[in-house]
Amino acid sequence: MSGDGQLRFPDGFLWGAATAAYQIEGAADADGKGQSIWDTFSHTPGKTYHGDTGDIACDSYHRYPEDIALLKRLGAGAYRLSLSWPRIQPSGRGAANAKGLDYYNRVIDALLEAGIQPAVTLYHWDLPQALQDEGGWANRDIADWFAEFAGIAGEAFGDRVPKWITLNEPWVSAHVGYRDGRHAPGIRDVAQAVAANHHLLLAHGRAVAALRASSPASAVGITLNLTVERPVTPEAAAHAAELEARQNGVYLDPIFHGRYPQLLDGNAAYSPAAVPGLVRDGDFGVIGAPLDFLGVNFYAPHYVDLLNPDGEPRRGQTVTGPGTVSVQPEGLPITAMNWLVEAGSIRELLTRVVAPVTGELPVYITENGSAWHDYVTQDGQVHDAERISYLRGHLAAVHAAIADGVPLKGYFAWSLLDNFEWAEGYAKRFGLAFVDFETQRRILKRSGEFYASVVAANALLSPGGRPPMSVRAGLIAKNATVSGPPL
Ligand code: PNW
């Protein structure tokens, strides 16, 4: 905190916004693009809300100049976007599709022209369908396929991409895609999910090597969605630790410690190390390839407890497994996704979960944000006070984590635009800009204006841009005639 009531961020702190290819691009068949598992899945009846698909999405394939204009209004120093693998390799293997490369060349060049650095994710869930037909992430050969794709991307764009992210949220790919089937490819098979966990990591390590060779000047990292599990009773502490091992440990430990979590030893439902033949000699050497940064996505903490002995869940409890429940604590706001709003959890994530593992390694928040029931009012604006409040709280908590000593170097808001929210279709809006999907008109929300003010100041201003209450109370005491909105 500086004397003027602002929370200042370190000089050079990188402010950005994030999107993903399938969520915004549309143009699902354009210019030789192949099918992805999300094209297949979203066109399968019953898989997405309302049957929504990414066929058109935000039409960013054609409207990327408007998106970059929005980034300029935010003052963003960086834009996190992802590549559509089947736009570049329509069947996932072999020669690159020149028109696919051209699209990303146009976007990257336009970003650089605007003074915005591209932070490019190789894989944000749109696997070529042809590779899924051979088992997808459950097939160990995918490490070779992904390394080839990484090399093509590095060769084509490496001279202009300062930051690469290999995978986005491999836990979601494996767990939501292959274990509970809510995401593409929609498989419910524990063995495939555990295999996918290991092969995602192996593919990540091989991609790091391919990017080092083809794009030697760039920084390379991975983005994980890490969880903060909060036991609400002392008896639930062991369960919370197990849940963190299942989501955080199975990615952090192999990458940073060369092993799977000891807490899951012998547990073949969750630990690849417990599955005979899955982990082979030398794999941890590949997976542990040194990184330049860790990307972390975070939205909300989870509260957990043990089921009462009578077997009946109490109010606010949802049964999650034998004897365990998740808990909706009373009094905390929830977003349109039904996710809790509790800003302090992002500080706990960075200080308790991340920094003890990553040490001095630079960390970026590569996604953080919230969905609300936004609408355009008669003045043509979107007054999304809840999103501003969420952002304000989370940025203050991120600032506190930096003060605690976490080497956090940047923050990317999810998302630049309202977009295709996977299984939730277009029903859930995360954007700093509102998208009218009938007309494709973009409207910067009030939260976008708020974020731009933070970026411009490199600081979080107190509410209303005024000094904090303590200071204002002093001012008012000296001047009894002040009137206006209540403190
Ligand atoms: C992350 N889940 O998604 C993704 O990286 C984004 O593409 C997405 O839009 C954003 O967070 C908001 O949801 C997740 O069901 C989507 O567990 C679903 C889950 C987790 C992460």
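Both ligands and their constituent atoms are indexed starting at 1 by order of listing. The shown structure was predicted, so the numbers you read here are calculated from the model rather than taken from an experiment. Any value given below was found using the heavy atoms of this structure, including those in side chains, with hydrogens, waters and symmetry copies removed.
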Report summary line: Honestly, for Q23 the part within reach of ligand 1 (heavy atoms, under 4.0 Å) is side chain
Query raised in the report: Any nitrogen or oxygen of H183, main chain or side chain, under 3.5 Å from a nitrogen or oxygen of ligand 1?
Result: no
Query raised in the report: Between D39 (side chain) and S36 (backbone), is there a donor-acceptor pair under 3.5 Å?
Result: yes
Query - R179 to Y270, cation-pi by 6.0 Å centre distance and 45° axis angle - result: yes
Query raised in the report: Counting heavy atoms only, which of E367, M337, Q247 comes nearest to atom 4 (C) of ligand 1?
Result: E367
**Report entry** Those atoms of ligand 1 less than 4.0 Å from some heavy atom in R182
**Finding:** 15 (O), 17 (O)
Query - Residue and atom name of the nearest protein heavy atom (relative to atom 21 (C) of ligand 1), distance in Å to one decimal - result: E169 OE1, 3.2 Å
Query raised in the report: Hey, are Y178 and D189 close enough side-chain-wise for a donor-acceptor pair under 3.5 Å?
Result: no
Query raised in the report: Would R429 count as a cation-pi partner of F434, with NZ or CZ less than 6.0 Å from the six-membered ring centre and within 45° of the ring normal?
Result: yes
Query raised in the report: Should W125 be counted as touching ligand 1, given the test is an N or O pair under 3.5 Å?
Result: no
**Report entry** side chain to side chain contact (heavy atoms under 4.5 Å, CB included) assessment of Y49 paired with E421
**Finding:** CA-CA 9 Å; Y49 176 80; E421 179 49 37; over 6 Å; no
Query raised in the report: Is any side-chain heavy atom of R446 less than 4.5 Å from a side-chain heavy atom of I388?
Result: yes
Requested in this report: Would you mind checking which non-hydrogen protein atom is closest to atom 9 (O) of ligand 1, with the distance to 0.1 Å?
Outcome: E421 OE1, 2.6 Å
Query raised in the report: Is there a donor-acceptor contact under 3.5 Å linking the side chains of T166 and W164?
Result: no
Query raised in the report: Do NZ/NE/NH1/NH2 and the carboxylate oxygens of R87 and D126 come within less than 4.0 Å?
Result: no
Query raised in the report: Where does N419 meet ligand 1, judged by heavy-atom distances below 4.0 Å: at the side chain, the backbone, both, or neither?
Result: neither
Query - Enumerated ligand 1 atoms positioned under 4.0 Å from heavy atoms of N168 - result: 5 (O)
**Report entry** H124-ligand 1 polar pair, N/O distance under 3.5 Å
**Finding:** yes
Query raised in the report: Can you tell me if N225 has a non-hydrogen atom under 4.0 Å from ligand 1?
Result: no
Report summary line: for atom 20 (C) of ligand 1, nearest protein heavy atom and its distance come out as V172 CG2, 3.6 Å
Query raised in the report: Which option, Y299, W339, F420, F430, owns the non-hydrogen atom nearest atom 10 (C) of ligand 1?
Result: Y299
